[in-house]
Amino acid sequence: MSSSSTSGVWVRSRRQFLQKSAFGFGSLALGHLLDRDGLAFAAETASRRANPLRAKKPHFPAKAKSVIFLFLQGGLSQVDSFDPKPALARWDGKLLPADYQGGKLLLAQINAFEAKFMQTRRTFKKRGQSGIEISDLFEQTAELADELAVIRSCYHESFIHGPALSMLNTGSLRLGAPSLGAWTLYGLGSESDSLPAYVVMTDNYLRSSKSLYGTGFLPATYQGTLVSTVGPAFENLSPSPHIGLGRQRRILDQVHRWNRRHLETRGDDSRLDARMNNYELAFRMQMAAPELVDLSKEPEHVRELYGIAGKQTARFGGMCLLARRMVERGVRFVQLYSSGWDGHSECDKGHLKVAAKMDRPVAGLIKDLKQRGLLESTLVVCVGEFGRTPVMQGSNGRDHNPYGFSAWMAGGGVRGGKVIGGTDEFGFAAVEDRVHVNALHATMLELLGLDHKRLTYFFEGLERRATGVGETGNHSIASRLLEG
């Protein structure tokens, strides 16, 4: 066997060659890390770790600085609210036509061909100068039709609550993906140093708990903060009367040094990073949070606007008023959950009961934001995890329907008084200008100044993004929403 030379070192076998040259392969990776892009990436990583929630520049000029996301947990019936279907009155009590393609869609609990059509009990009217048809289910919100852009052609692929909730909140049917709020913080950071950047409130319970506002594979510091709407909004925030701020600061500094030393032995642990950042935030919140949640400081006419004194509207009204106060103080993403929209039985009665709790507060929120000059910079979005069927289930109920449902947006540069897309004649499936949930998220991100294709995070060998990589998330309808 002939001898050869590698970098001036003679080798006598293939084994020796591989042993001598193995370090060369490693040097290729080292060279990548040391080039200009690698150094820039390292600098960005170090900077983000030092202050992961610092405010960041958007990809392009933004229309909105913050989001208030109204989520109708359970699934609002589009044919009883924002998507009028006169054909249902003509077909009331009849079975689907045998040749109707929409009947082949999978539903959660019923066979569409064995169920009879059920017309709406609500009354639709043309609202505002734009003439958008909205039902009396949301009578006060409907008065603001000229501020709303109604999207009647939303859709996705799951008729089960769990995956559907995950899709609407994270853009993925599978658990473990970051929430849209977490993606927003990752892309834009926070404008407030003394309040959480991403806040979640609910008037009842959350079906999928923390996964709806979690960070998934993103660093833990981007997770939402659940604020209680019963009792103290923030627990364990009042300092001990026996420890002054100076002493508290010294204790926190010492704990921070210990945590930093511990972190050096654990590598890149985002959970410990997040805990350290939360300690600092909690220290600053001791001053800002009590003032934030003190709604008694609001004038009586503002409290009246939100229905704070009303028996039905007090809780959700308080949530909406807090949301306005939060975005006013730089909170980036506020998510409000309204529960009770799952209308499997007596859908109309159930919807009327729940709508009575939120209609006035939501209308008050939009009016208040506009009066204060905040609506243009605050994107308000309202949607549920899916819609409901135009056919009856059980006793006047409606089954889950992810194939065609409605959402609306206001503020954030959106020009109201318009309708985008449409469902078929019965309201079963989106057929005109279909808007997948990924596209809905892409639109929200674009209005915030973020290109959803550039907002990526490298995880498990792939560049992940909030809108997935399929065709459904490759388009945004922001330009149509911004048209005059």
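These figures come from a predicted structure and were not determined experimentally. Nothing fancy with the numbering, it's 1 onward along the sequence.
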Please tell me if the side chains of [X] and [Y] come closer than 4.5 Å, counting only heavy atoms from C-beta onward.
X      : Y      : result
Leu322 : Val293 : yes
Val199 : Phe333 : no
Asn396 : Asp348 : no
Gln109 : Gln393 : yes
Leu440 : Ile151 : yes
Ile477 : Val435 : yes
Trp183 : Leu218 : yes
Arg360 : Cys320 : no

Can we say [X] and [Y] salt-bridge, meaning some charged N sits less than 4.0 Å from an Asp/Glu carboxylate O?
X      : Y      : answer
Arg372 : Glu328 : yes
Arg480 : Asp433 : yes
Glu432 : Arg152 : no
Glu143 : Lys125 : no
Arg122 : Asp136 : yes

Can you tell me if [X] uses its side chain to pair, donor with acceptor, with the backbone of [Y] under 3.5 Å?
X      : Y      : answer
Asp146 : Gly128 : no
His344 : Gly397 : no
Asp424 : Ala429 : yes
Arg324 : Leu365 : no
Thr184 : Leu180 : yes
Lys65  : Val331 : no
Lys210 : Gly224 : no
Asp359 : Glu139 : yes
Thr443 : Ser476 : no
Thr313 : Gly307 : yes

Centres of the [X] and [Y] rings: under 6.0 Å?
X      : Y      : answer
His475 : His436 : no
Tyr155 : Tyr403 : no
Phe405 : Phe386 : no
Phe82  : Phe138 : yes
Phe159 : His400 : no

Between [X] and [Y], a side-chain donor and acceptor under 3.5 Å:
X      : Y      : value
Asn169 : Tyr213 : no
Thr202 : Asn204 : no
Gln73  : Ser338 : no
Ser179 : Tyr198 : yes
His452 : Asn438 : no
Gln78  : Ser406 : no

Roughly how far, to the nearest 0.5 Å, is [atom2] of [Y] from [atom1] of [X]?
X      : Y      : atom1 : atom2 : answer
Phe60  : Leu450 : CZ    : CG    : 7.0 Å
Thr120 : His351 : OG1   : NE2   : 9.5 Å
Ser77  : Arg121 : OG    : CZ    : 11.0 Å
Ile366 : Gln140 : CD1   : CD    : 11.5 Å
Thr221 : Leu185 : OG1   : CG    : 8.5 Å
Leu53  : Arg332 : CG    : CZ    : 10.5 Å

Arg464 to Phe217, cation-pi by 6.0 Å centre distance and 45° axis angle: yes
Quick one: closest heavy-atom pair of [X] and [Y], and the distance?
X      : Y      : answer
Phe426 : Pro97  : CE1-CD, 4.4 Å
Leu76  : Ser81  : CD2-OG, 3.5 Å
Ser153 : Gly421 : OG-CA, 3.3 Å
Leu70  : Trp408 : CD1-CH2, 4.1 Å
Leu88  : Met118 : CD1-O, 4.0 Å
Ala323 : Leu336 : CB-CD1, 4.1 Å

When you look at NZ of Lys85, are more than 12 heavy atoms from neighbouring residues, nucleotides or ligands closer to it than 6.0 Å? yes
Is the number of heavy atoms from other residues, nucleotides or ligands under 6.0 Å of Glu300 CD greater than 12? yes
Set of salt bridge (Lys or Arg N to Asp or Glu O under 4.0 Å) partners for Glu446, sequence neighbours left out: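 Result, salt bridge (Lys or Arg N to Asp or Glu O under 4.0 Å) vs Glu446: none returned.
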Pick one: which of Lys418, Arg127, Lys370, Lys367 meets salt bridge (charged side-chain N to carboxylate O under 4.0 Å, His left out) with Glu147?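 Of Lys418, Arg127, Lys370, Lys367, salt bridge (charged side-chain N to carboxylate O under 4.0 Å, His left out) with Glu147 is met by Lys370 alone.
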Positive for salt bridge (charged side-chain N to carboxylate O under 4.0 Å, His left out) with Arg388, one of Asp342, Asp399, Asp80: Asp342
Given side-chain contact (heavy atoms from CB on, under 4.5 Å), test Arg329 with Ser192 step by step and report yes or no. CA-CA 7 Å; Arg329 290 159 174 77; Ser192 174; 5.6 Å; no
Would you sort out whether His156 and Ser158 count as a side-chain contact (heavy atoms from CB on, under 4.5 Å), showing the intermediate values? CA-CA 6 Å; His156 62 78; Ser158 179; 4.2 Å; yes
How far apart are the C-alpha atoms of Glu385 and His161, what are their side-chain angles, what is the distance that settles it, and do they pass the side-chain contact (heavy atoms from CB on, under 4.5 Å) test? CA-CA 7 Å; Glu385 64 259 44; His161 283 293; 2.8 Å; yes
Tell me, with the steps shown, if Asp83 and Thr423 meet side chain to side chain donor-acceptor pair (under 3.5 Å). CA-CA 8 Å; Asp83 193 5; Thr423 52; 2.6 Å; yes
CA sep, side-chain torsions, deciding dist, call: Arg465, Arg454, side-chain contact (heavy atoms from CB on, under 4.5 Å): CA-CA 8 Å; Arg465 68 189 197 201; Arg454 292 167 57 191; over 6 Å; no
